[in-house]
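These notes concern the structure reproduced below.
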Amino acid sequence: MRELIKKAVLNHSLTHDEIVLLLREDKINQELFSAADNVRKNFVGDEVHLRALIEFSNYCRCNCMYCGIRAENRFVERYRLTKEQIISLAKNAAGFGYKTVVLQAGEDMYFTAEYLSEIIKELKRNDIAVTLSIGERSFDEYALLKDAGADRFLLRLETSDKELYETMHPKASYENRKRCLSDLKRLGFETGTGCLVGLPGQSLSSLADDILFFKEIDADMIGIGPFIPHTHTPLKGSSSGSFNLALKVMALTRLLLPDINIPATTAMETLQSDGRILALQSGANVVMPNVTLEEYKAKYEIYPNKSRVDYNELVEKLAKIGRTVSAEKGFRKKQKL
Ligand code: SAH
């Protein structure tokens, strides 16, 4: 096992079966986490990039089985921020020192690519990078958003197990998800993807495939989070994903893709207090504090008890583990492996 970790640190490659072995064996977890921490330090350094997250709409046309804002959840009070509200939140974030804003929403077609483009153009008047996380659109729509100045796009594959994907996403197509990711790459977006860990029916073998998929498409960012059941979804009776397993998937991703950006996700912190710091010490180098207006934060409930970031507390905790807040936009600096 230790040899496998050493090999991954040196060559940034592992086979499917080797990844499964490492995921299954818990005795080597500490070695794995500290190896990922070292690789993170050597490739992307001690600076942490903060991305200001704006959850601008919880309307959604999809029915993802795990997600609290799925179309069929009648208990959600739906909201949409206005163009002016989004621009003002982004301006405040930029004024505060954020170098990236992330616009995230359900798949809300009220926000056409044309309308989003107007917003993006306004946001780009500030000295910030703009990331979108708005789900599946056509190539032409993505192209319009790119032309408007969007820099990055987050679209998790969620799982590389086609059958599980289709069970979890009624009426959606696994091929279309992949098509979106390849379009985004082709259009020159910095492309982020990722997976959920602990979906009912998910195997270690498919998690290994997830990691290999990230490597295969040369993703620029990877977000990994444990599944957390939401009461008003069909998966309400399922158990949460394991924090440790999610952390291991994240650490292995860092070993195989050493120069990418990896957030310490909110779901990690929600499942375990100090999960965010543990993630930052196991391969992560990004945090995405939510800067949405207070009255809407609770309504964007993709899973319950979403943890919050207290900015000052975060900076203090970062200092304690020898990390600083980056003053740069934090694009991926691709390195020859
Ligand atoms: N509509 C956008 C944004 C989705 S929300 C899109 O399709 O990309 C962002 C992420 O939250 C999702 O990609 C999913 O991985 C995660 N998520 C949703 N429900 C969750 C749950 N119950 N537990 C943990 N993570 C969840």
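Counting starts at 1 for both ligands and their atoms, following the listed order.
- Using a non-hydrogen distance threshold of 4.0 Å, Ser133 registers as a contact of ligand 1.
- Within the 4.0 Å cut-off (strictly below), a protein heavy atom is located near atom 3 (C) of ligand 1.
- When only non-hydrogen protein atoms are considered, atom 24 (C) of ligand 1 lies nearest to Pro226 O, 3.3 Å.
- Taking a cut-off of under 4.0 Å to the non-hydrogen atoms of Cys67, the atoms of ligand 1 that pass are 19 (N).
- In this structure, Glu158 has a heavy atom closer than 4.0 Å to ligand 1.
- Looking only at protein heavy atoms, the nearest one to atom 1 (N) of ligand 1 is Ala105 O, 3.0 Å.
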Margin query: Could you go through Lys6 and Glu3, starting from their C-alpha distance and side-chain angles, then the distance that decides it, and tell me whether this counts as salt bridge (charged side-chain N to carboxylate O under 4.0 Å, His left out)?
Written below: CA-CA 5 Å; Lys6 265 191 209 151; Glu3 289 307 309; 3.6 Å; yes
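- Protein heavy atom in closest approach to atom 9 (C) of ligand 1: Gln104 NE2, 3.6 Å.
- The side-chain tip of Lys306 does not point at the ring of Tyr300 from less than 6.0 angstrom away and within 45° of straight on.
- For the atom pair OG1 of Thr191 and OH of Tyr142, the computed distance is 9.5 Å after rounding to the nearest 0.5 Å.
- Near Leu155, meaning under 4.0 Å from any of its heavy atoms, are these atoms of ligand 1: 8 (O).
- Ring geometry, Tyr296 versus Tyr79: the interplanar angle falls under 30°, so the pair is classed parallel (tilted spans 30 to 60°).
- Taking atom 11 (O) of ligand 1 as the reference point, the nearest protein heavy-atom neighbour is Ile302 CD1, 3.4 Å.
- At the shortest separation from atom 23 (N) of ligand 1 among protein heavy atoms lies Ile228 N, 3.0 Å.
- Between His232 and Phe75, the ring planes are parallel. Angles under 30° get that label, and only those over 60° would be called perpendicular.
- More than 12 heavy atoms of other residues, nucleotides or ligands shown are found within 6.0 angstrom of CZ on Arg179.
- For atom 19 (N) of ligand 1, the nearest protein heavy atom (residue, atom name, distance) is Tyr66 CD1, 3.3 Å.
- Annotation: atom 16 (C) of ligand 1 to nearest protein heavy atom, Arg156 NH1, 3.7 Å.
- In this structure, atom 7 (O) of ligand 1 lies nearest to the protein heavy atom Arg177 NH2, 3.5 Å.
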Margin query: Run the salt bridge (charged side-chain N to carboxylate O under 4.0 Å, His left out) test on Asp220 and Lys185 for me, step by step, so that the C-alpha distance in whole Å, both residues' side-chain angles and the decisive distance to 0.1 Å come before the verdict.
Written below: CA-CA 9 Å; Asp220 302 302; Lys185 270 249 145 192; 3.8 Å; yes
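- Within the cation-pi definition used here (under 6.0 Å to the ring centroid, within 45° of the axis), Arg80 qualifies as a partner of Tyr59.
- In summary, the aromatic rings of Phe96 and Tyr311 are positioned with their centroids under 6.0 Å apart.
- Distances shorter than 4.0 angstrom do not occur between any heavy atom of Gly68 and any atom of ligand 1.
- A donor and an acceptor atom, one from each side chain of Thr100 and Arg152, are located under 3.5 Å apart.
- Within ligand 1, the atoms closer than 4.0 Å to a non-hydrogen atom of Leu196 are 15 (O), 24 (C), 25 (N), 26 (C), numbered from 1 in the order shown.
- Between His12 and Phe43, the distance separating the two ring centers is shorter than 6.0 angstrom.
- Close approach of ligand 1 to Tyr303 (heavy-atom distance below 4.0 Å) involves ligand atoms 20 (C), 21 (C), 22 (N), 23 (N), 24 (C), 25 (N), 26 (C).
- Within the 4.0 Å heavy-atom cutoff, Met65 does not count among the residues contacting ligand 1.
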